[in-house]
Amino acid sequence: MEVVSVAQLINDTHKYVGQQVQVNGWIRLNRGQKAFGFITLNDGSHFTSLQIVYEKDQLENFEEVAGLRTGAALNVYGVVVETPNAKQPLEIKATQVKLAADCPEDYPIQPKRHSKEFLREVAHLRSRTNLFSAVFRIRSIAAFAVHQFFQEQGFIYVHTPIITASDAEGAGEMFRVTTLDAEKPPLTPDGNVDFSNDFFGRKTNLTVSGQLEAEAFALAFGKVYTFGPTFRAENSNTARHAAEFWMIEPEIAFAGLREDMELAEAMVKYVISYVMEKAPAEMDFLNEFVDKELLTRLQKIASQNFARITYTEAIEILQKSKQTFDFPVSWGNDLQTEHERYLTEKAIGKPVFVTDYPQEIKAFYMRQNDDGKTVAAMDLLVPGVGELIGGSQREEREDYLRGRMEAMNISLDELGWYLELRKYGGVPHAGFGVGFERLIMYLAGVSNIRDVIPFPRTVNSCAF
RNA sequence: UCCUCGAUAGCUCAACGGUAGAGCAUCCGGCUGUUAACCGGAGGGUUGUAGGUUCGAAUCCUACUCGAGGAGCCA
């Protein structure tokens with residue numbers, strides 16, 4: 001007898017109607033009655049669950065089946081029947097139901113509403129709920145969409161290192177990677193830890209960004225992207241920060257800030273459209289139970305052009321607004337979260353690129369503009385999530401870059417290779433970083449980053 | 001790291017100085033098409049931890065732990 005998945009049954013119903021099949025899955029809900037009952041069975045192949053109908057005069061073990069609980073695993077044998085007048089399109093009339101693995105009555109996941117906080121404490125089980133089933137399917141589909149978007153356009157996927165010798169990229173606190181004895185590390189004569197005795201013969205950390213290495217590849221392959229894990233040891237306690245997250249970092253040569261923004265906008269729209277097309281059941285569920293505006297908002301985003309304003313214009317908009325802010329608005333200070341939210345949610349009402357920030361508040365590698373005060377940087381702000389993307393045109397002029405590195409105390413020894421990229425055919429190039437989880441939050445309407453990561457790592461929390 | 005709020009049954013919450021309750025879940029019974037089914041019944045608690053105030057504390061006070069929201073930092 002053919003073992004079929006729920007996804008096959010839903011996608012190819014006509015092929016299976018009237019057929020005897022086997023389905024394996026887990027009970028979401030069992031509603032037994034006197035002489036018959038219904039099991040909602042989920043096998044993970046599709047967001048939707050399958051209804052199993054079982055009857056007393058069809059099953060030898062009717063009493064046993066009627067007593068099975070949520071979470072138990074089953075092998076179900078039966079006939080596929082279309083049910084056009086019912087809530088579900090098809091069901092299985094069981095001829096045999098075998099218990100594959102029982103699930104005792106203290107199973108934490110019950111067919112009722114649970115809080116997201118509780119489910120985080122049982123992260124090993126929460127993927128069996130509708131919400132997390134939807135979120136993690138979308139995460140998988142979106143990851144594939146990212147690859148497809150770049151691959152279709154001829155980008156090379158580069159695996160930049162996870163362990164880095166650089167500790168001065170300015171992107172946040174880093175996690176030390178070491179094999180030294182934490183209790184009794186070897187010391188230099190003047191009493192400091194002697195990292196020359198460490199595994200790599202030097203101090204090493206987990207990467208906070210693959211950008212610098214991606215630049216090296218962009219200057220060989222033209223268009224590249226990274227997509228991998230990133231680590232920040234920042235003591236951030238917010239719904240938008242995790243210690244371990246995935247970042248997408250494209251880098252394009254012979255290109256400036258304008259091309260960079262065009263790429264960012266196209267990528268965001270592509271991923272949104274792809275997920276809406278490939279995960280309609282999941283998106284409908286999220287639209288109904290998480291955020292009623294979700295689909296409307298995403299459709300709008302996918303069809304409208306993103307706004308573009310300069311930092312200087314943003315300051316003017318904020319200064320002219322009647323809104324009162326907790327933090328003062330003045331040229332030269334970075335935009336606060338409240339300012340960013342006002343811009344994207346109230347003043348403009350859609351995603352907006354803010355460009356050309358003052359040099360002093362941005363990273364050393366961003367290209368200085370002709371005004372001598374600003375750099376060719378861009379942040380993409382989106383309603384609800386805030387900063388989704390940060391990018392820039394990179395400083396390709398060796399003398400300018402060296403000057404910025406010296407001014408900002410970036411080690412020329414450690415990053416000599418980075419400077420050398422400018423010396424040997426260093427054309428203008430640009431790139432950006434997207435927090436993959438923030439993209440998923442935006443797509444799924446989920447407001448906490450811990451709920452879009454299978455097993456999240458945050459300050460003081462590394463369970464599972 | 002800072003500010004604010006919270007922690008009571010497996011889960012979601014009520015009780016706000018005077019005998020700790022409800023809904024859901026679980027268990028038992030009923031029910032011929034259910035859809036987070038429905039109807040009846042039962043079990044289930046050192047009120048986050050440690051101290052203090054009081055005749056009496058879930059309730060008031062202190063510290064700690066954990067969680068949430070906001071801020072900073074960022075993606």
Side-chain angles (χ1 to χ4, degrees), chain A residues 28-41 48-57 66-67 69-71 81 83 85-89 91 93 103-122 129-130 169-173 208-211 229-249 264 289 325-327 334-341 361-363 379-382 385-391 432-442 447-453 458-461 463:
Chain A
R28 285 286 178 86
L29 187 61
N30 184 4
R31 299 180 294 278
Q33 299 190 38
K34 190 178 187 181
F36 61 90
F38 305 91
I39 287 172
T40 304
L41 193 77
T48 310
S49 295
L50 177 67
Q51 172 153 291
I52 310 295
V53 189
Y54 58 95
E55 296 175 5
K56 193 166 193 169
D57 52 10
R69 281 174 298 261
T70 299
V81 181
T83 51
N85 297 322
K87 195 173 167 183
Q88 71 287 345
E91 63 189 26
K93 282 212 184 294
C103 186
E105 62 195 64
D106 60 356
Y107 183 50
I109 309 296
Q110 296 299 336
K112 69 184 286 294
R113 198 189 159 278
H114 293 289
S115 67
K116 292 198 273 300
E117 292 79 13
F118 169 70
L119 291 169
R120 272 174 220 150
E121 294 170 11
V122 287
T129 65
N130 281 331
E169 286 165 28
E173 294 294 312
V208 291
S209 164
Q211 179 199 317
T230 309
F231 306 89
R232 303 224 174 139
E234 208 67 53
N235 188 8
S236 287
N237 285 289
T238 80
R240 294 179 191 78
H241 289 86
E244 177 182 312
F245 63 101
W246 282 56
M247 191 150 64
I248 305 154
E249 294 177 290
F289 291 102
F325 297 108
D326 292 335
F327 292 86
D334 207 355
L335 299 176
Q336 302 292 318
T337 297
E338 58 172 345
H339 303 147
E340 294 181 342
R341 293 192 61 151
I361 60 175
K362 287 292 180 182
D379 283 357
L380 177 65
L381 310 179
V382 297
V385 169
E387 189 180 332
L388 181 65
I389 290 178
F432 58 85
V434 190
F436 182 58
E437 282 79 6
R438 290 191 182 173
L439 188 57
I440 302 302
M441 290 166 73
Y442 192 56
S447 57
N448 195 310
I449 197 166
R450 296 169 182 90
D451 298 328
V452 299
I453 298 177
T458 54
V459 183
N460 260 317
S461 171

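Excluded from the calculations below are hydrogen atoms, water molecules and symmetry mates; all remaining heavy atoms, backbone and side chain alike, are included.
Regarding contacts with the backbone of B:A68, a side-chain N or O of A:Arg120 is found under 4.0 angstrom from either OP1 or OP2. Look at A:Gln336 and you won't find any side-chain N or O under 4.0 angstrom from OP1 or OP2 of B:A71. Put simply, A:Thr337 has a side-chain N or O that comes within less than 4.0 Å of OP1 or OP2 on B:G72. For A:Lys112 and B:C24, the shortest distance from a side-chain N or O to OP1 or OP2 is not below 4.0 Å. Contact between the side-chain N/O atoms of A:Lys34 and the OP1/OP2 oxygens of B:U34 is not found at any separation under 4.0 Å.
Here the separation of B:A68 from B:C28, taken at their P atoms, is 37 Å to the nearest Å. When the C1' atom is used for both B:U19 and B:G45, the distance is 15 Å, rounded to whole Å. Between the C1' atoms of B:G72 and B:C55, the separation comes to 50 Å (whole Å). Here the separation of B:G17 from B:C2, taken at their P atoms, is 32 Å to the nearest Å. Across the C1' atoms, B:C60 and B:G69 are found 26 Å apart, a figure rounded to whole Å. Taking the P atoms as reference points, B:U59 lies 15 Å from B:A9, given to the whole Å. Comparing the P positions of B:A71 and B:A14 gives a spacing of 26 Å, expressed to the nearest Å. Comparing the P positions of B:C39 and B:C24 gives an interatomic distance of 8 Å, to the nearest angstrom.
The side chain of A:Gln110 has B:A25 as its nearest neighbour among B:G33, B:A25, B:C73. Closest approach to the A:Phe38 side chain among B:G33, B:C11, B:A36 is made by B:G33 (side chain taken as heavy atoms from C-beta onward). Out of B:G33, B:G70, B:G72, the shortest distance to the side chain of A:Phe36 is found at B:G33.
At a threshold of 4.0 angstrom between heavy atoms, the contacts of A:Thr230 with the nucleic acid are absent. If you check every strand for non-hydrogen atoms under 4.0 Å, A:Asn448 touches sugar and phosphate atoms only. Base engagement by A:Phe245 is indicated by at least one non-hydrogen atom pair under 4.0 Å involving a base atom. Counting any heavy atom pair closer than 4.0 Å across all strands shown, A:Gly32 reaches a base atom. The residue A:Leu439 sits apart from the nucleic acid: no heavy atom pair falls under 4.0 Å. At a threshold of 4.0 angstrom between heavy atoms, the contacts of A:Gln33 include nucleobase atoms, whether or not backbone atoms are also involved. Within the 4.0 angstrom heavy-atom criterion, base atoms lie near A:Gln51. Residue A:Ile248 is out of contact with every strand shown, counting any heavy-atom pair closer than 4.0 Å. When heavy atoms are screened at a 4.0 angstrom cut-off, A:His114 is found touching the sugar-phosphate backbone but no base atom. Base contact: A:Pro111 has a heavy atom under 4.0 Å from a base atom. Contacts of A:Arg28 with the nucleic acid, taken as non-hydrogen atoms under 4.0 Å apart, are absent.
Here the side chain of A:Arg28 pairs no donor or acceptor atom with the backbone of A:Pro111 at under 3.5 angstrom. A donor-acceptor pair under 3.5 Å is absent between the side-chain atoms of A:Glu338 and the main chain of A:Phe325, judged by distance alone. Of the possible donor and acceptor atoms, none in the side chain of A:Ser236 sits under 3.5 Å from a partner among the backbone N and O of A:Thr238.
Residue A:Phe436 forms a side chain to side chain contact (heavy atoms under 4.5 Å, CB included) with just one option from A:Thr230, A:Val452, A:Ile248, and that option is A:Ile248.
A donor-acceptor contact under 3.5 Å links the side chain of A:Ser236 to the base of B:C73. Remark: the A:Asp106 side chain and the B:U26 base include no donor-acceptor N/O pair separated by less than 3.5 Å.
The CE atom of A:Met441 sits 13 Å away from the C1' atom of B:C74 (whole-angstrom rounding). Rounded to whole Å, the distance from CG on A:Asn237 to P on B:C66 is 11 Å.
Nucleotide B:G29 forms a pair with B:C39, judged by Watson-Crick or G-U wobble geometry with both contacts under 3.5 Å.
The CD atom of A:Gln51 sits 5.5 Å away from the CZ atom of A:Arg31 when rounded to the nearest 0.5 Å.
Both A:Arg69 and A:Glu91 lie near RNA chain B, and the one whose nearest nucleotide falls closer to the 5' end is A:Arg69. Between A:Glu55 and A:Asp334, the one whose closest nucleotide on RNA chain B sits nearer the 5' end is A:Glu55.
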Q: Go through the steps for A:Leu119 and A:Ile109 under the test side-chain contact (heavy atoms from CB on, under 4.5 Å), then give the verdict.
A: CA-CA 8 Å; A:Leu119 291 169; A:Ile109 309 296; 3.6 Å; yes

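Contact between A:Arg450 and A:Ala239 at its shortest, heavy atoms only, is NH1-CA, 4.2 Å.
No side-chain heavy atom of A:Arg341 sits less than 4.5 Å from a side-chain heavy atom of A:His339.
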